[in-house]
Amino acid sequence: MSTVRTRFAPSPTGYMHIGGMRTALFSWLWARKHGGQFILRIDDTDQQRNREEALQPILRAFKWLGLTWDEGPEIGGPHAPYFQAQRSDKYRAAAAKLLAEGKAYKDFETPEQTKADREAAEKEKRQYVSSRSSLALSDAERADLEAKGQPYVVRLLVPRGQKVAIHDHIRGDVEWDCNLMPDPVIQRGDGSALYNFASVVDDIDLRITDVIRSEEHLTNTSIQMLVFQALGAKAPEFAHIPYVAAPATTKKLSKREIGKYRTNPQFKKLFEMGDAVLPKLGVAVSEALNPVMVEFYEQMGFLPEAVLNALARLGWSLDDKTENMSLAFVTEQFTLDRVVKGPAGLDPDKLLAYQEYWMSQRSVEEKVVLCLPYLERAGMIPAPASTEQRAFVAKLVQSLGPRLKLLSDILSYEEYFVADDQLIYDEKGFQKRVRDDAGAVPLLKDLAVFLKTTPDFGTAALDATIHAWMESRGMPMGQLVHALRLALTGKTAGPGLFDCLELLGHERSMARIERAVARV
RNA sequence: GGCCCCAUCGUCUAGAGGCCUAGGACCCAGGAUUUUCAGUCCUGUUACCGGGGUUCGAAUCCCCGUGGGGUCACCA
């Protein structure tokens, strides 16, 4: 049995589609599960733009998620080049071979004529098939036309009177009637190859054994099978997995619908999170950076394992209960027969749930390392953070605990990074908990006096002393908590109160209490 | 329109003839814990697209509808 070789063949479009990523993941999993190779091939046949730049975000997404490739851009391989634009001679040679063997023919019909034929067939409600008028030409006539520079395309001669069939790993047996297929163009007038042809030539050349791709290619497979046959090559195994749909729909997730997705009830949340966070990092939700793109999730501070987990569970399941799975585990367990047949909508809520789980698996130290760049990019701490700052962030992350869901959530705790006189208050909360609460101000004043003589500002010590202090006054903690939190952080919610005090320390806590009392 | 694919809670899914008065997770709603929030722990609501078969028995097999989707290029 030969080694399993799968491939993913993106076009360098400047971003990585999350649905494409899911397809790539399944392909990667299949190769890795079998100890085979995963190849990245770039379909850049008609790219005018800067390839390098347009390719980077795609490679970046693979790297971020840890989906390594064995052959392809940056690393090359035994079947280089891996860019279709650099392989045109191979396609031309293959086309010439088919031409010589009579399995393809030069079609001198003008595009206008072909189009008219197609439309006529449509009007008469009959299946359009190629006229093959050029096939009736004599060799002399053909030579004459070529000599005169009459442009032509090369079409594959579809063998009439038979069927093409595949045994798809997910769809089962699927077949098409060749009598209903027009002869597909495999080479353009300018000599360049078309996708359905180039793709097959490459799959043969790269020794691809398993083609795992999105189901929108299912129909293409009929043509490709004929090309494999014409080229005398063994066709690979096919697995057409369902496409990823927009949240709560069965429609293919598309970059063109981004405007609509903003109002999609499930998707909305993600857009709003992006709007709130991304500007702090100096970027913004855009055509290239939005919840359809992998990079969005990276920028927002999702963990790779969360995105991977969500993607793996989109259209695939292990059993009736296993939800949280690492990439290594999924690699071990992945099988194509457990891929669901229907399209699956991306579920932002579920993704968030996986994110919470995987965040809970990370140590405080790990979270700190991952959060620091966010704070630095947002300018909340100076670029190379000092040892003291790192220690402070560690303490904050520790106190935040499960409140930190996305790495970028750290950005919403500015109150721990601003100067005391710059603190912004939740005015509604301040009104309710401080101004309108008759007991609040006197209590805060008394507390300030008491804290002056409280040297130990550790959470545990504060917990004990303040509880005792309140008890001595015959008051429940509830009386103090809200007003004090508002005074210290300007907010109505946050980490435990004693954590807030310890984080800010003696001096800053005192200053903030005084400022709060003064602004009433 | 032709061809092809698909169809279980709101969502992601389990289910390969009896284990199904359909299971899990997310979401949602209650409750408990708690100084707030978050978390955690309980509890709860909600689904087999419709109609015919086959069978002692169908979510599961077959057929027909219906619905959804993909694809029909000198795009990939």
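Quick caveat: nothing in here was measured; it's all calculated off a predicted structure. Lettering of chains follows the sequences in order, A, B, ..., and the numbering in each one begins at 1.
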Between side-chain atoms of residues 345-352 of chain A and protein atoms elsewhere (two or more places apart, or another chain), which donor-acceptor pairs fall under 3.5 Å?
from     : atom 1 : to       : atom 2 : distance (Å)
A/Asp347 : OD1    : A/Asp349 : N      : 3.1
A/Asp347 : OD1    : A/Lys350 : N      : 3.3
A/Asp349 : OD1    : A/Lys269 : NZ     : 2.6

Expected output: side-chain A/Trp316 to main-chain A/Leu311 donor-acceptor under 3.5 Å: no
B/C9 and B/C5, which share atom name C1', separated by this distance in whole Å: 24 Å
Sugar-phosphate only, base, or nothing, as touched by A/Asp319 at under 4.0 Å among non-hydrogen atoms: sugar-phosphate
Nearest-angstrom distance, P atom, B/A47 to B/G24: 14 Å
Complementary nucleotide for B/G67 - Watson-Crick or wobble, under 3.5 Å: B/C6
Quiz item: A/Arg171 side-chain donor-acceptor pair to B/C5 base, under 3.5 Å: no
Check: B/G2 base within 3.5 Å donor-acceptor of A/Glu122 side chain: no
Sugar-phosphate only, base, or nothing, as touched by A/Arg433 at under 4.0 Å among non-hydrogen atoms: nothing
C1' spacing across the pair B/U54 / B/U60, given as an integer number of angstrom: 13 Å
N or O in side chain of A/Lys252 less than 4.0 angstrom from B/U71 OP1/OP2: yes
Polar pair under 3.5 Å, donor/acceptor by atom type, side chain A/Asp320, base B/A25: no
Nucleotide B/A14, atom C1' - distance to CD of A/Glu323 in whole Å: 10 Å
Donor-acceptor contact below 3.5 Å, side chain A/Ser199 vs main chain A/Asn196: no
Watson-Crick or G-U counterpart of B/G44, or none if no pair lies under 3.5 Å: B/C28
Sugar-phosphate, base or nothing in reach of A/Arg155, heavy atoms under 4.0 Å: sugar-phosphate
SB check A/Glu415 A/Arg485 (cutoff 4.0 Å): no
Positions of residues 161-168 of chain A (non-hydrogen atom under 4.0 Å from RNA chain B), listed by number: none
Counter-base of B/U60, judged by Watson-Crick or G-U geometry with both distances under 3.5 Å: none
Pair assignment for B/U54, Watson-Crick or G-U wobble, requiring both distances under 3.5 Å: none
Main-chain N/O of A/Asp436 paired to A/Gln431 side chain as donor or acceptor, under 3.5 Å: no
Nucleotide B/U36, atom C1' - distance to CZ of A/Phe498 in whole Å: 12 Å
Base-pairing assignment for B/C19 (Watson-Crick or G-U wobble, both under 3.5 Å): none
Test: A/Arg22 cationic atom under 6.0 Å from A/Phe26 six-membered ring centre, within 45° of axis: yes
Mate of B/C72 where both pairing distances stay under 3.5 Å, Watson-Crick or G-U: B/G1
Integer-rounded Å distance: B/U11 P and A/Phe267 CZ: 16 Å
Sugar-phosphate only, base, or nothing, as touched by A/Asp190 at under 4.0 Å among non-hydrogen atoms: nothing
Contact list for RNA chain B against residues 239-249 of chain A - heavy-atom distance below 4.0 Å: A/Tyr243
Short side-chain N/O contact to B/G2 OP1/OP2 from A/Arg126, under 4.0 Å: no
Paired nucleotide for B/G39 [Watson-Crick or G-U wobble; both distances under 3.5 Å]: B/U33
A/Lys491 to A/Tyr413 six-membered ring, cation-pi geometry met (6.0 Å, 45°): yes
